[in-house]
Amino acid sequence: MTIEADPSGEESTTQYLDALSAERRKKREDLSAQGIDPYPSRFDRTATAAELHTRHGGLEADQRTGETVRMAGRLTSIRGHGKLSFATLHDVTGSVQLLMQQANLSDQAKAVLAAFDLGDWVGAEGEAVTSRRGELSVDVKELYLLSKALRPLPDKWHGLTETDTRYRQREVDLLANPESRRVFDIRFRAIAAMRRHMVSEDFIEVETPILQPQAGGALARPFFTHAHALDIDLSLRIAPELYLKRLVVGGYERVFEIARNFRNEGVDTRHSPEFTALEAYRAFGDTTEGMELTEQLVVRAAESAIGRMTVTLGERTVDLTAPWPRRQLLDMLEEVVGRRLHPTDPVEEVRSVYRERGVEFQPEWGSGKLIFELYDALLLPTIVNPMFICGFPVEVSPLARHTTDDPTMADRFELCIDAKEFANGYSELNIPEEQEERFQAMAVAAARGDLEAHPSDLAFVRALEYGLPPTSGIGLGVDRLIMLLAEVEAIRDVILFPMMRPESSS
RNA sequence: GCGCCUCUAGCUCAACGGCAGAGCAACGGACUCUUAAUCCGCAGGUUCUGGGUUCGAAUCCCAGGGGGCGCACCA
C-alpha cells in the first residue's frame, strides 16, 4: 500500500507510511476516538519486573498474592487464546507476564488490548499471581497504552542482524537483541567500577578541553574545526595528557579523566575515530604505581562487569588473574631475534634484523623507532594473557622520562592482552628543558611531513617550568577493555553510536 | 586508499538465466494456561540505484551507493 507524500512535499520520518505502520496508526486513532489518550503524560509504576520476581519468586503454580501492582514496559510478545491472552512486558530490569482474561478486564482495558501491537509501551494494573504453569504474572484489570510503536519490531526470534542497521539504529538493536544490551550493560558496569576504584584511591575526576588549539599528548592525526567567535582553528583532542599534567602542576596530586578522544585515522575492528580512554596521573610515583593501578582497574572492571577472570575470544582464552608478568622489552626482543638491540645501535644494524625477518620499515625510522616497531611486529602478536612490557626507546616516547641509568630508554610500560595494546604508562618527563628539546626533535619530523609528529606545546613547557613533581601516568583503552570483557571482536559493538557514513536519502 | 564478500517483503532467509517464495510480524477467523502458543484464511515486493547482455535478469556484465572482512595507517 502506497500513501502519497504530505502536500507540503517535505520529507520526514513521520510521513513514512506503509501498510504496517498505517495499521498501527489506525489503532491509535481508534483509541483517540474512544476518548483514550494514546500518549498519556505519566504512569505511576509500583513495581519493576525484577522487584516483582524478588517479592514473589518462590510461589507455586496457580497462586494469588492479593497484591495489586502497576507495571510498565514494552510489549514484546502476545499469545492469544480467545478470551484469555498472555503477553510479555519487558522493562529495564527484565520481564513479567501479563495474564489477561476478558472477564476480568475493564471496558477500557478491552479497548486498549484490541489496539495493542508488539513494541507498544504499555502500563498494566492487576493482582500478582502465578499461572497454572507456575509463571509469575499480573492478572490484569486495567490496561494503558503509554506510547505506540508505529513501526513494527524486528523478527522476535532472530532479532536484527544487519550490522549497519544495528549501528545506525542502535535503539532498535537494543530493544530487539538481548545480546546487544548485555554488551552495553557490561560496558557501563565496568566504567562505573573503574570510576569507583579511582575515587576510592583518592583520584579526583576532572574535565579538560576537547577543543584544543593544538592536539597533543599522543602521536596521531587530529580532526580540525573552527571557532567563529575567536576566528581560530582548533583540533579535537587526541589525548587529555598535557592538560592533566598541568593540573598536577597546579596541585591536584591525583587526577583522572574518562576522556573521549578523537583520531582522524583508520577505522577497523580495533580502531574507532572516536574512542574512550581513562587517563590518570599520580604525583610522587613512577611506573611501579602505574602498573599497579592499571592492574587493579582491569581486575575491578572484570569483577564488577562479568564476575570472573577468564574470557574467551574465538579460540583464545584469556586469564586476567593478577599479578601479571612484567618483562623488559629489550630482553624479550633478545630472546626472539637472538641478539640484544639498543636504541644506540647504528640504524643499519637494527635494519638488518628487519631484513632477516622480512619485516618492512620506513627509511626515516631511527634505531629507537625500529626497535619499537619490532615489538609490534614480533612480540605483540604472541601475547595472550596480560603482560606488562617495560622500557621503551625515548625516541618513540616524547613525553616520558628517561630511565635513571640510560638516557635513550624511557621508564615506560605497555599492557598487552590478546595481541593488543590495552594501556600505556610512564614516569612523566618533568624536566622543562628536556621536554622542549623533545618537542624540537618532533618539529623536525613534522617538517619532514610526519602528520603524527607531536607538536610543540609551549604552554605545556611553561607549566613544567613551575614544577611538575615526579608523576606516574597511565592511559587505558576503555573500548578495548570492554571488547575483552564482553568477548566481542569489533570495537563498534561496544560503542553505542559508532561513526558511520550518513544514511543516503536515495 | 587497495583487494575480497554482501545487499530480495517490516524482520530472518530461500530462489542463482525461465511465473519472486517461506517463517516470524501484520490483517480476518477459532481457541481460558500460553511462553518461538497452535490451527484455518488473507495480504504484503523499485530483488540497493543506473546502464548493458539476453527471447527472457533478483540471477550474468559495467558503473555508482551502503555495509562487512582483510591489507596499509593507528590505540
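Quick caveat, the model's predicted, so the values are computed rather than measured. All chains are named by letter (A, B, ...) in the order of the sequence lines, taking the proteins before the strands, and each is independently numbered beginning at 1.
- Under a 4.0 Å N-O distance rule, the pair A/K27/A/D30 does not qualify as a salt bridge.
- Contacts between residues 374-390 of chain A and RNA chain B, counted as heavy-atom distances below 4.0 Å, involve no residue at all.
- A distance of about 27 Å separates the C1' atoms of B/U32 and B/C42, rounded to the whole Å.
- The gap from the C1' atom of B/G45 to that of B/C7 amounts to 15 Å, rounded to the nearest Å.
- Distances shorter than 4.0 Å separate none of the side-chain N or O atoms of A/S77 from OP1 or OP2 on B/U35.
- Of the two residues near RNA chain B, A/P154 and A/T163, the one whose nearest nucleotide lies more 5' is A/P154.
- Contact annotation: A/R480 side-chain N/O to B/A75 OP1/OP2 distance is not under 4.0 Å.
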Between N or O atoms, less than 3.5 Å apart, protein on one side and nucleotides 31-33 of chain B on the other: list the pairs.
| from | atom 1 | to | atom 2 | distance (Å) |
| --- | --- | --- | --- | --- |
| B/C31 | N3 | A/G82 | N | 3.1 |
| B/C31 | N4 | A/G82 | N | 3.3 |
| B/U32 | OP2 | A/H81 | O | 3.2 |
| B/U32 | OP2 | A/K83 | N | 3.2 |
| B/U32 | O2 | A/Q101 | OE1 | 3.1 |
| B/U32 | N3 | A/Q101 | OE1 | 3.4 |
| B/C33 | O2 | A/R132 | N | 2.9 |

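- Rounded to an integer number of Å, the gap from CD of A/Q169 to C1' of B/G66 is 14 Å.
- The pair A/R168-A/E162 does not count as a salt bridge, with every side-chain nitrogen at least 4.0 angstrom from each carboxylate oxygen.
- The residues A/E241 and A/K245 are annotated as salt-bridged, a charged nitrogen and a carboxylate oxygen being separated by less than 4.0 angstrom.
- A/R263 comes within 4.0 angstrom of a nucleotide base, judged by non-hydrogen atoms across all strands.
- In this model, the phosphate group of B/G67 is approached by a side-chain N or O of A/R168 to a distance below 4.0 Å at OP1 or OP2.
- Distance check on atom C1': B/G10 versus B/A25 gives 7 Å, rounded to whole Å.
- Nearest heavy-atom pair, A/L476 versus A/A423, reported as atom, atom and distance to 0.1 Å: CD1-CB, 3.8 Å.
- Here the separation of B/U59 from B/A14, taken at their C1' atoms, is 13 Å to the nearest Å.
- Applying the side chain to side chain donor-acceptor pair (under 3.5 Å) test to A/R270 and every residue at least two apart in sequence or in another chain returns nothing.
- Base-pairing analysis of RNA chain B finds the following stems of at least three consecutive Watson-Crick or G-U pairs, with both pairing distances under 3.5 Å: B:1-7 with B:65-71, B:10-13 with B:21-24, B:27-30 with B:38-41, B:48-52 with B:60-64.
- For A/F392 and A/Y375, the ring centers are positioned less than 6.0 Å apart.
- A distance of about 47 Å separates the C1' atoms of B/G50 and B/U38, rounded to the whole Å.
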What one-letter contact string describes nucleotides 20-25 of chain B from 5' to 3', where B marks a base within less than 4.0 Å of any protein heavy atom, S marks contact via sugar-phosphate atoms alone, and - marks no contact? ---BBS

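- With respect to the salt-bridge test (charged N to carboxylate O, under 4.0 angstrom), the residues A/R357 and A/E373 do not qualify.
- Between A/T269 and the phosphate of B/G70, there is a side-chain N or O to OP1/OP2 separation shorter than 4.0 Å.
- Note on A/G266: a base of the nucleic acid sits closer than 4.0 angstrom, heavy atoms only.
- Salt-bridge formation is detected for the pair A/R182/A/E179: a Lys NZ or Arg NE/NH1/NH2 atom is positioned less than 4.0 Å from an Asp or Glu carboxylate oxygen.
- Ion pair A/E292/A/R282 not flagged as a salt bridge, since none of the NZ, NE, NH1 or NH2 atoms sits closer than 4.0 Å to an Asp/Glu carboxylate oxygen.
- When heavy atoms are screened at a 4.0 angstrom cut-off, A/F422 is found touching no nucleic acid atom at all.
- Annotation for A/R263 and A/A218: closest pair NH2-CB, 3.4 Å, computed over non-hydrogen atoms.
- Going from the C1' atom of B/G44 to that of B/U12 covers 16 Å, rounded to whole Å.
- Here A/T161 reaches the OP1 or OP2 of B/C13: one of its side-chain N or O atoms lies under 4.0 Å away.
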Every protein N/O lying under 3.5 Å from an N/O of nucleotides 3-9 of chain B:
none

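- The base of B/C69 does not come close enough to the side chain of A/D268 for any donor and acceptor atom to sit less than 3.5 Å apart.
- Just one of A/L415, A/T294, A/V298 meets the side-chain contact (heavy atoms from CB on, under 4.5 Å) condition when paired with A/F422; it is A/L415.
- Distances shorter than 4.0 Å separate some side-chain N or O of A/R501 from OP1 or OP2 on B/G67.
- Note on A/S272: a base of the nucleic acid sits closer than 4.0 angstrom, heavy atoms only.
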